[in-house]
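What follows is a set of notes on a single structure, which appears directly below.
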Amino acid sequence: MQGKALPGFRDFYPEELALRNHIFATWRAVATRYGFEEYDGPPLEALDLYTRKSGDEIVQQLYAFRDKGDREVALRPEMTPTLARMVAARAQALKKPIRWFSIPQLFRYERQQRGRLREHFQLNMDIIGEASALADAELIAAAIDILRAFDLGPQDVRARVSDRRVLRALLMGAEIAEGQLPAALAVIDRSERVPKNVLEEMLKESGYGKRETAAVFAVAELRGIGDVSAALGNVRGGEEAGEPLRQAIAALEAMGLAEFVTVDLTIVRGLAYYTGIVFELFDAAKELRAICGGGRYDGLLAAFGGTDLPALGFGMGDVVLGELLKERGAAPKASTELGAFLIAVSGGEDLTTVLRLAHALRDRGVPVEYGLRHSGVRKQLELASARGAARAVIVGPEERAAGVAVVRDLKAGTEAKVPLEHLLNGFFD
RNA sequence: GUGGCUGUAGCUCAAUUGGUUAGAGCGCCGGACUGUGGCUCCGGAGGUUGCGGGUUCAAUCCCCGUCAGCCACCCCA
């Protein structure tokens with residue numbers, strides 16, 4: 001079929017744009033409430049900004065091409081490299097910690113599925129220059145509060161929090177060698193989706209024995225800060241490794257968000273650059289993909305050639321969130337709310353009065369519409385109602401002679417005669 | 001990138017084992033209704049059945065290819 005957008009790209013008809021605007025407005029409101037400042041960067045970047053730090057996998061999924069100036073360029077697939085570049089350029093001048101957010105449109109050439117397109121908008125919130133676990137808690141709280149602002153509660157969404165340092169301490173405490181960690185992480189990451197025998201096979205291929213395999217599964221099954229702390233108590237360096245996670249969880253409890261939060265070590269996050277606490281937010285039924293994901297990436301800024309600042313952040317896409325809101329019926333319906341629809345009973349003087357009235361009301365900020373082509377009162381009322389106008393203002397020869405207009409409340413169906421003078425000043429009664 | 005399922009008006013679906021002008025409801029436009037809406041009735045527009053090829057006297061239906069959508073994997077945003 002022709003006349004459609006490219007695969008994985010969306011047309012935003014008014015109804016869909018209303019939802020998108022609603023999402024953006026809520027994102028901005030909560031981010032601002034947390035003291036974050038908005039920034040943006042270019043949607044097109046030099047290709048090597050991504051090839052330098054990301055793996056081949058990412059590079060294959062890039063929308064990349066050579067521009068007319070013979071530069072290798074790419075549409076941005078994520079915001080973090082741009083952020084790192086911008087912060088690095090002014091690292092000395094910016095007061096720390098930096099709290100910034102952005103709502104970039106990101107692009108990735110992938111086979112599309114539900115909740116995964118080739119383009120999406122993603123709120124990014126990052127804190128740079130703060131190593132304290134309170135910063136981790138702050139970001140997780142912001143992510144949860146965004147969902148609360150959409151009227152979603154703990155029965156709708158959950159945050160699952162883990163920490164790579166904890167995972168590492170537990171696994172190495174079970175005498176799993178450094179070089180064998182990636183296999184364990186891969187298995188833990190998949191432990192809820194892949195059958196156990198397949199996972200055992202994966203570990204076996206990586207040289208795991210019975211005892212080590214059992215240890216990996218034991219770690220994957222830990223839930224809650226209590227269990228995790230207890231397990232950490234049995235391994236060398238465990239106490240220390242668990243401290244940031246304990247602090248972050250305690251902070252979230254103090255904020256009253258405990259019922260949203262679960263400590264769950266199966267949250268690994270794919271990206272190799274995460275170094276500490278990582279988290280994801282899911283719909284409670286887990287029917288959809290993750291709504292949001294993020295964590296601490298302390299080494300990354302230095303890797304981009306900047307100052308070595310600790311950093312953390314998360315991304316929250318508009319696609320999965322939009323699906324969730326539509327499912328919950330939490331999406332807004334109308335994009336504009338008309339204050340009044342003006343109706344001229346006949347042409348001539350009635351219309352002149354309607355035009356004068358319309359302009360006066362618009363000058364006062366009242367959204368107003370009227371029929372652009374003359375038709376019967378019935379037709380015009382129909383249009384007024386279809387437009388979702390709150391009221392219709394009917395102007396006919398009789399009313400004009402009396403210096404009034406009929407104001408009809410379209411929801412209640414009641415009518416009143418209102419002096420034209422009132423209407424011209426923006427009053428409907 | 002790999003595999004599976006699906007593809008008929010804007011939307012939801014029909015069309016006897018392949019059978020000739022592909023239908024309906026909703027929506028849209030117009031009318032009944034000439035100073036009062038959301039009802040009702042009537043009429044209209046809108047499809048080269050995703051596209052291309054093949055089999056057949058005949059294809060929406062069967063076969064192949066392709067494109068698109070969905071699902072799983074991969075990967076994660």
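Below, chain A is the first sequence line, B the second, and so on; all start at residue 1. Values reported hereafter were calculated over all heavy atoms of this structure, with side chains retained and with hydrogens, waters and symmetry mates removed.
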Per [X] side chain, nearest of listed nucleotides [options]:
X	options	result
A:Val345	B:A77, B:G37, B:G35	B:G35
A:Val377	B:C75, B:A72, B:G35	B:G35
A:Arg116	B:A77, B:G38, B:A68	B:A77

Checklist line | Contact letters for nucleotides 39-46 of chain B, in which S counts primed atoms plus P, OP1 and OP2 and B counts the base, heavy atoms under 4.0 Å | finding: --------
Checklist line | Listed once per pair and sorted, the salt bridge (Lys or Arg N to Asp or Glu O under 4.0 Å) pairs that draw on residues 296-315 of chain A, sequence neighbours left out | finding: A:Asp136-A:Arg296, A:Arg296-A:Asp298
Next item on the list: Scan for side-chain hydrogen bond (donor to acceptor under 3.5 Å, both in side chains) pairs involving residues 141-150 of chain A, sequence neighbours excluded, and state none if there are none.
Entry: A:Tyr34-A:Asp145, A:Asp145-A:Arg148
Notebook entry, point to check: Are OP1 or OP2 of B:C76 and a side-chain N or O of A:Gln61 less than 4.0 angstrom apart?
Noted result: no
Notebook entry, point to check: Is any side-chain nitrogen or oxygen of A:Arg190 closer than 4.0 Å to OP1 or OP2 of B:C74?
Noted result: yes
Donor-acceptor contacts, no H, no angles, side chain residues 310-325 of chain A, under 3.5 Å, sequence neighbours left out:
| from | atom 1 | to | atom 2 | distance (Å) |
| --- | --- | --- | --- | --- |
| A:Asp318 | OD1 | A:Phe121 | N | 2.9 |
| A:Asp318 | OD2 | A:Arg10 | NH1 | 3.0 |
| A:Asp318 | OD2 | A:Arg10 | NH2 | 3.1 |
| A:Glu323 | OE1 | A:Arg114 | NE | 2.5 |
| A:Glu323 | OE1 | A:Arg114 | NH2 | 2.8 |

Checklist line | Donor-acceptor pair under 3.5 Å, A:Arg111 side chain vs B:G3 base | finding: yes
Margin query: Run through RNA chain B and report every stem of 3 or more consecutive Watson-Crick or G-U pairs, distances under 3.5 Å, ordered by first number.
Written below: B:1-7 with B:67-73, B:10-13 with B:23-26, B:28-32 with B:40-44, B:50-54 with B:62-66
Margin query: Other residues, nucleotides and ligands only: do more than 12 of their heavy atoms fall within 6.0 Å of NE2 on A:His359?
Written below: no
Under 3.5 Å, N/O pairs linking protein and nucleotides 29-31 of chain B:
| from | atom 1 | to | atom 2 | distance (Å) |
| --- | --- | --- | --- | --- |
| B:G30 | OP1 | A:Arg373 | NH2 | 3.0 |

